[in-house]
Amino acid sequence: MKLRIAKVPGDGIGPEVVREAVKAVNAVCAKFGHSAEYTLAYVGACAIDRYGDAYPEESHRICMDSDAVLFGAVGDPKYDNDPASKVRPEQGLLAIRKRLGLYANIRPVETFESLLYKSPLKEELVRGADFVCIRELTGGMYFGEKGRRDNGDTAFDTNVYHRYEIERILKLAFEYSGRRRHHLTVVDKANVLETSRLWRQAAQEMEASYPDVKTDYMYVDNASMQLIRCPKFFDVIVTENTFGDILTDEASCISGSMGLLASASIGEHTSLFEPIHGSYPQAAGKNIANPLAAILSAAMMFEYSFGLMKEGEAIRKAVSASIEAGVVTEDLAREGERAYSTSEVGDWVAKHI
Ligand SMILES: NC(=O)c1ccc[n+]([C@@H]2O[C@H](COP(=O)([O-])OP(=O)(O)OC[C@H]3O[C@@H](n4cnc5c(N)ncnc54)[C@H](O)[C@@H]3O)[C@@H](O)[C@H]2O)c1
């Protein structure tokens, strides 16, 4: 198969981890007889520097014309520390999500036996935890009307959800649960927020169409506690944009490192695959960042965009093997043991594939 991939490294450690993901993709292509063709596109601070726009039209065209987008991360301290800045790298991220119609972000959270000790939680709590967060990505407060009034002393972000936005992601979540352990947890704040009440109402109406899925409802404050108290309770979680953003970072602690969690964003046009971490500017250019989340995102790309399950599995197996063999970056290395560089881990994984 010919794979047309938009390569969007972004900022900070983005280029370093995407480089390693590309090695894994090429290794899989060589093994299974596919060919990958990459087109480079700029999004984030690097796009602002080049085009004065965090998501330039040319980048959008490249993404639209590709079969999948392999994404790194965006963000640069020079913008983070300037609240008055009119253009921001994160606008690029929001724009690519909106314009590609990427309404669902799928983030699997799993544990690796040899890394259980890395989790800040007790091993017996996290051993065997295996769930998927499905976060709504193009609605809610991040995209609602926002602004200032009263000479800037009052600020507002409007949380808006339309029924169709809720129903399409719930459908995806019900179907996803049906292919896993048949348990869906709808996370909301229906005791306070009107948007959450609409989410809950829609989910309750749809439940009957999915009799094989056990559905339960949990307030987000409770969910944030249960994720830590009993992560094994969860199979599939579905929630709105802001809650999902926060809960998935919390969930990353279960695996032990931000550098391990991959994600797929799917929707109306080309799907996008990215690690859940940011641009980790402190590590940029040092060849120390963990590339495994980006490499696992490439595995999701094979599975979701191309339906190539064996190819995805080959990447997953190689990643697990590198962890078992202790070929890991400093965030995962055991005390007193050697930490490998970003490129050494990527080379090892590609060779193993
Ligand atoms: N999707 C995205 O592109 C995205 C997501 C979150 C944050 N950001 C941006 O990234 C910048 C930095 O934000 P932040 O510091 O809050 O989040 P971050 O994810 O970049 O880093 C947080 C911490 O996680 C760890 N970490 C992250 N990635 C890692 C990796 N690959 N290997 C090892 N450890 C890793 C590090 O300890 C780091 O200090 C900001 O500009 C922010 O806006 C972008």
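Values below: every heavy atom of this structure, side chains too, minus hydrogens, waters and symmetry copies.
Ion pairing between a basic and an acidic side chain is recognised when a charged N comes within 4.0 Å of a carboxylate O; Lys351 and Asp347 show no such pairing. Salt bridge annotation for Glu20-Lys23: present, with a cationic side-chain nitrogen under 4.0 angstrom from a carboxylate oxygen. Salt-bridge formation is detected for the pair Arg197/Glu194: a Lys NZ or Arg NE/NH1/NH2 atom is positioned less than 4.0 Å from an Asp or Glu carboxylate oxygen. Checked for salt-bridge contact, Arg163 and Glu205 meet the test: a charged N lies under 4.0 Å from a carboxylate O. Between Asp130 and Arg180, at least one side-chain nitrogen of the basic residue sits less than 4.0 Å from a carboxylate oxygen of the acidic one, meeting the salt-bridge criterion. A salt bridge links Glu268 with Arg168: at least one charged nitrogen is closer than 4.0 Å to a carboxylate oxygen. Ionic pairing of Asp221 and Lys189 is present here: one or more N-O contacts between side-chain nitrogen and carboxylate oxygen are shorter than 4.0 angstrom. Salt bridge present: Glu344 and Arg338 bring a charged side-chain N and a carboxylate O closer than 4.0 Å.
Counting heavy-atom neighbours within 6.0 Å of Lys232 NZ, excluding the residue itself, gives a total above 12. Within a 6.0 Å radius of NZ in Lys146, other residues, nucleotides and ligands contribute more than 12 heavy atoms. Other residues, nucleotides and ligands contribute at most 12 non-hydrogen atoms within 6.0 Å of the CD atom of Glu145. The environment of Arg127 atom CZ is dense: over 12 non-hydrogen atoms of other residues, nucleotides or ligands sit within 6.0 angstrom.
Taking Ile, Leu, Val, Met, Phe, Trp and Tyr as hydrophobic and joining them when side-chain heavy atoms fall under 4.5 Å apart, one finds Met309 isolated, its cluster having no other members.
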Q) Going through the distances and angles, do Glu57 and Arg99 end up as a side chain to side chain contact (heavy atoms under 4.5 Å, CB included)? A) CA-CA 11 Å; Glu57 209 43 51; Arg99 294 194 65 194; 3.0 Å; yes
Q) side chain to side chain contact (heavy atoms under 4.5 Å, CB included) between Tyr117 and Arg334: does it pass, once the steps are laid out? A) CA-CA 9 Å; Tyr117 77 100; Arg334 280 182 185 268; 2.8 Å; yes
Q: For Glu136 and Tyr161, run side chain to side chain contact (heavy atoms under 4.5 Å, CB included): C-alpha distance rounded to whole Å, both residues' side-chain angles, the deciding distance at 0.1 Å, then the answer.
A: CA-CA 10 Å; Glu136 203 290 326; Tyr161 268 108; 2.7 Å; yes
Q: Any chance you could lay out the side chain to side chain contact (heavy atoms under 4.5 Å, CB included) test for Ile254 and Thr111, step after step, and finish with the verdict?
A: CA-CA 7 Å; Ile254 294 165; Thr111 50; 3.9 Å; yes
**Q.** Chi angles and distances behind the salt bridge (charged side-chain N to carboxylate O under 4.0 Å, His left out) call for Arg179, Asp212
**A.** CA-CA 10 Å; Arg179 293 194 298 275; Asp212 62 327; over 6 Å; no
Q: Step by step, work out the salt bridge (charged side-chain N to carboxylate O under 4.0 Å, His left out) result for Glu167 and Lys171.
A: CA-CA 6 Å; Glu167 283 178 350; Lys171 178 172 183 290; over 6 Å; no
Q: Show your reasoning for whether side-chain hydrogen bond (donor to acceptor under 3.5 Å, both in side chains) applies to Asn26 and Tyr38.
A: CA-CA 11 Å; Asn26 290 342; Tyr38 303 94; 2.6 Å; yes
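With hydrogens and angles disregarded, a donor-acceptor distance shorter than 3.5 Å links the side chain of Ser177 to the backbone of Ala173. Checking side-chain atoms of Thr342 against main-chain N and O of Ile288 turns up a donor-acceptor pair under 3.5 Å. Side chain of Asn151 to backbone of Asp153: no donor-acceptor contact under 3.5 angstrom is found. Judged by distance alone, the side chain of Ser119 and the main-chain N or O of Ser255 form no donor-acceptor pair under 3.5 Å. The closest donor-acceptor contact from the side chain of Glu16 to the backbone of Gly285 lies under 3.5 Å. Judged by distance alone, the side chain of Gln91 and the main-chain N or O of Lys86 form a donor-acceptor pair under 3.5 Å. Between the side chain of Asp235 and the main chain of Arg181, a donor-acceptor pair closer than 3.5 Å is present. A donor-acceptor pair under 3.5 Å is formed between the side chain of Asp76 and the backbone N or O of Lys78. Put simply, the side chain of Arg107 never gets that close to the backbone of Ala264: no donor and acceptor are under 3.5 Å apart. Side-chain atoms of Ser279 come within 3.5 Å of backbone atoms of Gly75 as a donor-acceptor pair (strictly under, hydrogens ignored).
With contacts defined as side-chain heavy-atom distances shorter than 4.5 Å, the pair Val69/Glu274 does not qualify. Residues Ser343 and Arg19 form a side-chain contact, since some pair of their non-hydrogen atoms from C-beta on lies under 4.5 Å apart. Here the side chains of Ser224 and Glu250 are in contact, with some heavy-atom distance below 4.5 Å. For the pair Val236 and Phe174, the minimum side-chain heavy-atom distance is 4.5 Å or more. Residues Leu184 and Val238 meet the side-chain proximity criterion, which asks for heavy atoms closer than 4.5 Å. For the pair Leu272 and Ile96, the minimum side-chain heavy-atom distance is below 4.5 Å. When side chains are defined from C-beta on, Ile106 counts as touching Leu172, because their heavy atoms get closer than 4.5 Å. Residues Thr270 and Asp67 have side chains not in contact (no heavy-atom distance under 4.5 Å, counting atoms from C-beta outward).
With Tyr142 as reference, Asp245 is the one residue of Asp245, Asn159, Asn241 to meet the side-chain hydrogen bond (donor to acceptor under 3.5 Å, both in side chains) rule.
To the nearest 0.5 Å, the span separating SG on Cys46 from CZ on Arg50 amounts to 8.5 Å. If you take CZ on Phe234 and OG1 on Thr185, they are separated by 5.5 Å, rounding to the nearest 0.5 Å. The CE atom of Met141 lies 9.0 Å from the CG atom of Leu193; values are rounded to the nearest 0.5 Å. Once rounded to the nearest 0.5 Å, the distance linking CD1 of Ile166 with CG of Leu198 reads 3.5 Å. The distance from atom OG1 of Thr248 to atom CG of Leu261, rounded to the nearest 0.5 Å, is 8.5 Å. Remark: Asp188 CG to Ser196 OG distance equals 4.5 Å, nearest 0.5 Å.
Ring planes of Tyr304 and Phe273: tilted class, angle from 30 to 60°. Taking the six-membered ring where the residue is Trp, Phe306 and Phe302 present tilted rings, their angle falling between 30° and 60°.
For His183 and Phe131, the ring centers sit 6.0 Å or farther from each other. For Trp348 and Tyr340, the ring centers sit 6.0 Å or farther from each other.
Using a 3.5 Å distance cut-off with no hydrogens or angles, the side chains of Arg229 and Gln226 do pair a donor with an acceptor. For the residue pair Asn105 / Ser263, a side-chain donor-acceptor distance below 3.5 Å is found, with atom types taken as modelled.
Remark: Arg97 fails to qualify as a cation-pi partner of Tyr103 under the 6.0 Å distance and 45° angle criteria applied to the six-membered ring.
No continuous path of hydrophobic side-chain contacts links Leu332 to Met258 [ILVMFWY only; heavy atoms under 4.5 Å].
Shown here are the side-chain contact (heavy atoms from CB on, under 4.5 Å) partners of Ala203, two or more places apart in sequence or in another chain: Leu170, Val186, Tyr217. With sequence neighbours excluded, the residues satisfying side-chain contact (heavy atoms from CB on, under 4.5 Å) with Ala299 are Ile315, Arg316.
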